[in-house]
Amino acid sequence: MSFPLLTATAALPAIGAIVTAAVPAARSRSDGDGPRGSGTAKVVALLFSVATFVLAMTVLVRFEPGGARYQLTESYDWIPAFGVRYELGVDGIGVALIALTALLIPFVILAGWRDADHLENSSKRWRPTQGFFALILMVEAMVILSFEATDVFLFYLFFEAMLIPMYFLIGGFGDRASGTDEAQAATQRSYAAVKFLLYNLAGGLIMLAAVIGLYTVAGTFSLSEIAQARADGTLEMAASTEKWLFLGFFFAFAIKAPLWPLHTWLPNAMGEATAPVAVLITAVVDKVGTFAMLRFCLGLFPEASKWATPVVLVLALVSIIYGALLAVGQRDIKRLVAYASISHFGFIILGIFAMTSQGQSGATLYMVNHGLSTAALMLVAGFLISRRGSRLIADYGGVQKVAPVLAGTFLVGSLATLSLPGLAPFVSEFLVLVGTFTRYPVIGIIATVGIVLGALYTLVLYQRTMTGPVKPSVAKMPDLKVRELAVIGPLIALLLFLGVYPKPLTELVDPAVNHTLSDVQQKDPKPDVEAAK
């Protein structure tokens with residue numbers, strides 16, 4: 001039996017979460033910097049996250065882009081009476097997102113190194129540092145398994161299970177720079193956590209009904225068996241049945257994505273979470289929604305996907321414009337990034353349902369590049385907020401004169417967010433728009449308004465916080481420290497590298513995109529040469 005590499009990649013962070021949570025507490029230190037045992041938990045969590053990254057890179061190296069659709073597969077009977085199997089496999093899209101997840105988690109841990117220290121000082125009955133980092137690792141394990149699962153029921157299980165650790169990360173370890181007293185801040189964190197949980201649970205329950213309906217029709221949860229039955233002509237699914245099942249899956253994924261009008265949980269969750277947890281939400285967890293649209297909605301329900309395409313494209317277009325407009329009007333830095341992410345997810349969904357190779361390749365690249373750019377911007381914003389103690393844009397000004405390195409990294413993160421040429425998101429956004437325009441020119445033209453608005457909210461954010469006269473409240477603000485530079489530096493380097501040389505990513509995802517287009521029986525439209533003349 002070959003080594004179960006995919007299982008190991010997901011199991012390692014889960015084991016790390018257990019070990020981190022089990023790190024014993026210690027007596028409080030006299031210097032008020034938290035119990036002695038809390039530092040050990042941080043180091044343990046970081047080591048497990050780095051080891052997971054090494055395994056993810058092994059998956060990436062062993063994956064052959066021109067090989068079988070699903071590779072490194074594992075399949076075992078799990079619940080035979082109900083046709084449930086423990087079945088894993090990765091395509092190019094899954095490999096790219098596993099690599100992104102494993103890359104970001106060590107930076108999330110480093111960035112949140114002191115985010116639970118204030119709770120250690122005030123807590124005598126629980127160990128918040130161990131809990132904080134254990135929850136992060138548990139989310140990583142469940143997200144990776146979601147990208148690997150090729151059994152629909154197995155995917156559903158972890159799609160829902162990741163909500164529990166995220167709920168506690170938002171509600172129990174929220175942001176302390178809300179500008180309100182602690183009691184009101186705790187209420188806001190609880191509201192954001194409950195809203196996040198209820199929205200996603202509602203989508204999950206509807207999806208569960210669709211999962212059961214799929215099994216009733218197909219007699220299996222296995223993607224490979226369903227695909228084979230469809231190829232053999234032995235799978236009969238009425239058009240109305242396929243549409244209802246598609247809607248059940250899509251509703252859950254649209255909430256997770258988040259797509260307008262099911263997006264309203266995201267600004268609350270990102271605003272009240274710490275900056276590292278906000279990165280975990282939008283750069284890691286939300287990608288499961290868009291990934292699942294490609295793998296499950298288009299793969300399982302091709303005719304229903306084409307039937308729903310006009311409505312989904314309109315919703316994606318609304319997300320692009322609506323999210324960008326609300327970002328322009330934000331006074332809170334973190335909520336601005338949240339609304340910008342809603343706009344970016346609109347571009348991703350637009351590319352997926354454009355049903356062209358350029359659009360879907362661009363959407364997949366956008367998932368990766370958005371993860372990198374949002375992580376860079378949000379983490380620098382978190383370092384900025386922790387120094388000033390405020391999320392309000394109006395409380396800053398002239399930061400570049402007292403903390404030039406912080407301001408410079410903030411600028412690069414902002415320019416990546418607006419998809420400046422030469423930075424990674426530009427390539428993906430360009431492909432999405434080209435892929436959309438070739439089939440839906442009017443929608444492609446309107447979507448470009450999101451680019452203009454993106455330039456507006458990012459440049460205004462930088463201008464108001466970093467330029468102008470130095471405000472007294474930031475006059476003594478320290479620049480980035482070594483740990484913070486270790487977090488931001490590699491992300492900026494990747495944004496620059498993939499901005500000028502995206503070939504490694506495109507070669508990885510293009511074969512998987514071609515398989516998806518084959519599922520929905522779509523080909524790229526041919527250029528209308530006569531119309532061009």
Side-chain angles (χ1 to χ4, degrees), residues 108 111-119 121-122 169-193 266-282 326-341 374-411 413-414 417 457-481 483-484 487-488:
V108 167
W113 202 252
R114 298 191 179 280
D115 282 359
D117 286 356
H118 66 290
L119 295 172
N121 295 332
S122 61
L169 283 169
I170 297 169
F173 300 91
D175 189 12
R176 291 178 292 154
S178 61
T180 60
D181 60 72
E182 180 55 34
Q184 186 176 353
T187 300
Q188 291 174 348
R189 290 195 297 269
S190 297
Y191 172 77
L266 183 66
N268 295 101
M270 288 185 65
E272 298 306 323
T274 63
V277 174
V279 169
L280 197 62
I281 295 170
T282 190
L326 287 187
V328 170
Q330 287 303 306
R331 298 180 296 172
D332 183 308
I333 296 174
K334 292 169 68 176
R335 290 179 72 90
L336 185 151
V337 178
Y339 281 110
S341 290
T374 299
L377 180 58
M378 179 59 83
L379 292 178
V380 176
F383 297 148
L384 178 71
I385 292 168
S386 66
R387 285 160 165 74
R388 173 63 178 82
S390 173
R391 304 194 317 238
L392 298 178
I393 297 173
D395 290 339
Y396 296 88
V399 173
Q400 68 179 12
K401 296 178 182 178
V402 297
V405 177
L406 189 155
T409 54
F410 192 88
L411 177 62
S414 300
T417 299
Y457 62 69
T458 52
L459 293 178
V460 168
L461 171 65
Y462 182 83
Q463 180 185 35
R464 291 179 178 176
T465 55
M466 301 295 159
T467 65
V470 179
K471 290 198 172 183
S473 57
V474 303
K476 296 182 179 180
M477 179 177 290
D479 214 335
L480 293 183
K481 300 176 183 177
R483 172 178 60 86
E484 296 165 335
V487 171
I488 300 301

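Taken from OG in Ser386 to CZ in Arg114, the straight-line distance is 11.0 Å, to the nearest 0.5 Å. Atom CZ of Phe410 sits about 11.5 Å away from atom CG of Leu480, to the nearest 0.5 Å. Summarising the geometry, atom CD belonging to Gln400 is positioned 9.0 Å from atom CG belonging to Leu411; distances are rounded to the nearest 0.5 Å. Distance check, rounded to the nearest 0.5 Å: CZ of Phe383 to OG1 of Thr409 gives 8.5 Å. The CG atom of Leu392 sits 12.0 Å away from the NZ atom of Lys334 when rounded to the nearest 0.5 Å. Atom CG of Asn268 sits about 14.0 Å away from atom CZ of Arg189, to the nearest 0.5 Å.
Of all heavy-atom pairs spanning Ala403 and Met477, the tightest one is CB-O, 4.4 Å. In plain terms, the two heavy atoms of Ser414 and Leu377 that are nearest each other are OG-CD1, 3.6 Å. Nearest heavy atoms, Ala340 versus Tyr457: CB-OH, 3.4 Å. The two residues Val279 and Ala375 have their closest heavy-atom pair at CG1-CB, 3.7 Å. Taking all atoms of both residues into account, the shortest heavy-atom contact from Asp479 to Glu484 is O-OE1, 4.3 Å. Val474 and Arg388 make their closest contact through CG1-CD, 4.1 Å (heavy atoms, listed as atom of the first residue, atom of the second, distance).
Distance alone, capped at 3.5 Å, is enough to place a donor-acceptor pair between the Arg391 side chain and the Gly271 backbone. Using modelled atom types, no side-chain atom of Tyr396 and backbone atom of Lys471 make a donor-acceptor pair closer than 3.5 Å.
Side-chain contact check for Leu384 versus Ile333: some heavy-atom pair is nearer than 4.5 Å. The shortest side-chain heavy-atom distance between Lys476 and Val402 does not fall under the 4.5 Å cut-off. When side chains are defined from C-beta on, Leu266 does not count as touching Tyr339, because their heavy atoms never get closer than 4.5 Å. Between Ile170 and Ile281 there is a side-chain heavy-atom pair separated by less than 4.5 Å. Contact of the Val399 side chain with the Arg387 side chain is not registered, since no non-hydrogen atoms from C-beta on lie closer than 4.5 Å.
A donor-acceptor pair shorter than 3.5 Å cannot be found between the side chains of Thr282 and Thr374.
Between Arg335 and Glu272 there is no salt bridge, since none of the side-chain N atoms of the basic residue sits less than 4.0 Å from a carboxylate O of the acidic one.
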### Query
Hey, mind stepping through Leu336 and Ile393 against side chain to side chain contact (heavy atoms under 4.5 Å, CB included) and telling me if it holds?
CA-CA 10 Å; Leu336 185 151; Ile393 297 173; 4.1 Å; yes

### Query
Does the pair Met466 and Leu461 meet the rule for a side chain to side chain contact (heavy atoms under 4.5 Å, CB included), with working shown?
CA-CA 8 Å; Met466 301 295 159; Leu461 171 65; over 6 Å; no

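A 6.0 Å sphere centred on CZ of Arg483 holds more than 12 heavy atoms belonging to other residues, nucleotides or ligands.
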